[in-house]
Amino acid sequence: MENWRKGLKVDPVPALLGSEDPALRFFVKRDLVDLDAGPIEVVWELAGPKKILKHQLVNGAWDRSAGKKKHKAINYQLIETWKQFRFLVDMYGFTREQPAARKAAEFLFSCQTNIGDIRGMLANQYANYYTGAILSLLIKAGHQDDPRVDKGIQWLITNRQSDLGWSEAVITNKFDSATIYRLTSQYAEPVSTDKSRPFSHNSTGMVLRAFAAHSAYRHSEAARIAAGLLKSRFFQPDMYTSYQDASYWVRFQFPFWWNQLVAALDSISLIDASIDEPMQRALDWLIDHQQETGLWKASYVERAERENARVRETSEWVSLAICRILKRLLS
């Protein structure tokens with residue numbers, strides 16, 4: 001057994017290999033125990049991705065039903081494509097070699113502005129966090145060397161706060177709720193971030209995924225500084241009211257959306273695999289909260305929902321993500 005598994009209360013690999021999800025078993029074999037999992041194309045042909053692709057539009061996007069589109073200034077196709085592309089890339093390993101994934105990527109690139117950001121999620125306002133998160137998927141899907149990716153990351157570097165983390169204009173400018181609603185639901189000229197305000201660890205965690213996914217930018221000074229800032233905030237409330245409560249650190253989901261401990265560690269461990277005090281504290285938390293089954297919960301915040309198949313499925317994927325981190329840091 002590899003070193004990273006010896007330090008755990010229970011070996012998680014048997015439970016993960018016993019999953020009913022063939023896609024998850026593929027990545028457990030490939031990423032955790034170095035078994036021959038076969039070609040990734042086998043995963044692409046599973047029922048899960050086929051169900052997602054069934055609803056893809058001719059332009060490569062996915063869309064929301066007309067009754068759920070409340071604001072003309074919001075690009076709902078961008079929102080839905082981001083949602084579905086996460087599953088295709090992070091759960092089914094889709095890359096540009098798969099035609100539908102290539103079309104989806106081109107749609108996402110079509111939402112990039114001339115200055116480099118991906119815009120439309122918040123009407124016409126800048127969205128550093130979504131730009132970073134979407135770029136990370138495009139990089140993982142094989143578009144790392146596309147000049148549009150470089151343009152987007154360079155835009156992110158120039159839009160850091162003075163402390164060299166990231167935040168968002170609508171929260172750093174202390175707008176009232178009515179103004180925020182107007183700016184993010186109606187067309188308006190984009191507002192610049194007040195760079196004198198401190199970074200948001202929620203924004204920084206999502207942006208950092210783009211740097212971590214990129215084989216060159218993960219070694220950049222910008223990535224190292226941001227990783228240090230992010231781990232300095234482990235288990236603390238955010239500086240701003242959006243997703244402020246410290247409990248958001250342990251509200252996991254997979255594929256990743258908002259910043260949380262597992263998503264943050266996934267990025268940081270790719271940028272810097274050294275274990276300092278904040279990283280040791282995070283690792284100790286993960287080890288202490290492993291269940292008797294060998295897996296981790298989907299969330300460690302009290303949930304009103306009863307245990308169901310979706311929660312169990314998320315728990316398995318979160319556990320796979322944690323195992324990848326542990327292997328990266330402890331092997």
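Any value given below was found using the heavy atoms of this structure, including those in side chains, with hydrogens, waters and symmetry copies removed.
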Give a yes or no answer on whether the side chain of [X] reaches the backbone of [Y] with a donor-acceptor pair at less than 3.5 Å.
X      : Y      : value
Glu189 : Gln125 : no
Trp296 : Leu286 : yes
Gln236 : Ser232 : yes
Tyr76  : His71  : yes
Asn173 : Phe175 : no
Arg86  : Lys83  : yes
Ser19  : Leu16  : no
Thr81  : Leu78  : no
Arg64  : Glu80  : no
Glu168 : Tyr129 : yes

Residue pair Asp238, Ser200: steps toward the side chain to side chain donor-acceptor pair (under 3.5 Å) verdict: CA-CA 6 Å; Asp238 196 61; Ser200 161; 3.0 Å; yes
Derivation of the side chain to side chain donor-acceptor pair (under 3.5 Å) call for Asn59 and Gln77: CA-CA 10 Å; Asn59 67 348; Gln77 287 193 4; 3.0 Å; yes
Short side-chain donor-acceptor distance under 3.5 Å, Thr314 and Gln253: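 No.
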Side chains of Gln154 and Tyr217, donor plus acceptor under 3.5 Å: yes
Supply the atom-to-atom distance [X] [atom1] to [Y] [atom2], rounded to the nearest 0.5 angstrom.
X      : Y      : atom1 : atom2 : value
Asn128 : Met206 : CG    : CE    : 10.5 Å
Ser274 : Met279 : OG    : CE    : 7.5 Å
Asp145 : Ser215 : CG    : OG    : 7.5 Å
Lys72  : Gln186 : NZ    : CD    : 12.0 Å

Hey, are [X] and [Y] close enough for a salt bridge, meaning a charged N less than 4.0 Å from a carboxylate O?
X      : Y      : answer
Asp90  : Lys140 : yes
Lys231 : Asp276 : yes
Asp288 : Lys9   : no
Lys327 : Asp34  : yes
Glu106 : Arg96  : no

Worked check of side chain to side chain donor-acceptor pair (under 3.5 Å) between Thr179 and Asp176: CA-CA 5 Å; Thr179 302; Asp176 59 40; 2.8 Å; yes
Do [X] and [Y] sit in one hydrophobic cluster, given that two such residues count as connected whenever their side-chain heavy atoms are within less than 4.5 Å of each other, even indirectly?
X      : Y      : value
Leu208 : Met121 : yes
Val43  : Leu17  : yes
Leu35  : Val28  : yes
Leu265 : Leu32  : yes
Tyr92  : Ile139 : yes

Any side-chain heavy atom of [X] within less than 4.5 Å of one from [Y]?
X      : Y      : answer
Asp163 : Ile225 : no
Leu57  : Trp62  : no
Ser185 : Lys70  : no

Parallel, tilted or perpendicular: ring planes of Trp285 versus Phe235, cut at 30 and 60 degrees: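 The rings of Trp285 and Phe235 sit tilted, inter-plane angle from 30° to 60°.
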Glu41 atom CD, neighbour heavy-atom count above 12 within 6.0 Å: yes
Residues, nucleotides or ligands: over 12 heavy atoms within 6.0 Å of Glu277 CD: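 Above 12, so yes.
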Arg233 charged N/C atom sitting above Phe199 aromatic ring, 6.0 Å / 45°: yes
Cation-aromatic face contact Arg251/Trp249, 6.0 Å, 45 degrees: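 No - Arg251 does not lie over the ring of Trp249 by the 6.0 Å and 45° rule.
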Ser299 versus Val301, closest heavy-atom pair with distance: OG-N, 3.2 Å
Contact summary for Arg218 and Leu270, nearest pair of heavy atoms: CD-O, 3.4 Å
Sequence neighbours excluded - ring-ring contact (aromatic ring centres under 6.0 Å, His included) pairs with any residue from residues 14-46: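 Output for this query lists Trp44-Phe94.
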ring-ring contact (aromatic ring centres under 6.0 Å, His included) contacts touching residues 133-173 (sequence neighbours left out):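 Passing the test, one end in residues 133-173: Phe109-His143, Tyr126-Trp155, Trp166-Phe211.
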Passing candidate, salt bridge (charged side-chain N to carboxylate O under 4.0 Å, His left out) with Asp266, options Arg328, Arg209, Arg324: Arg328
CA sep, side-chain torsions, deciding dist, call: Tyr243, Gln260, side chain to side chain donor-acceptor pair (under 3.5 Å): CA-CA 10 Å; Tyr243 296 94; Gln260 33 89 358; over 6 Å; no
Working for ring pair (Phe, Tyr, Trp, His ring centres under 6.0 Å), residues Phe256 and Phe254: CA-CA 5 Å; Phe256 302 142; Phe254 196 92; 5.3 Å; yes
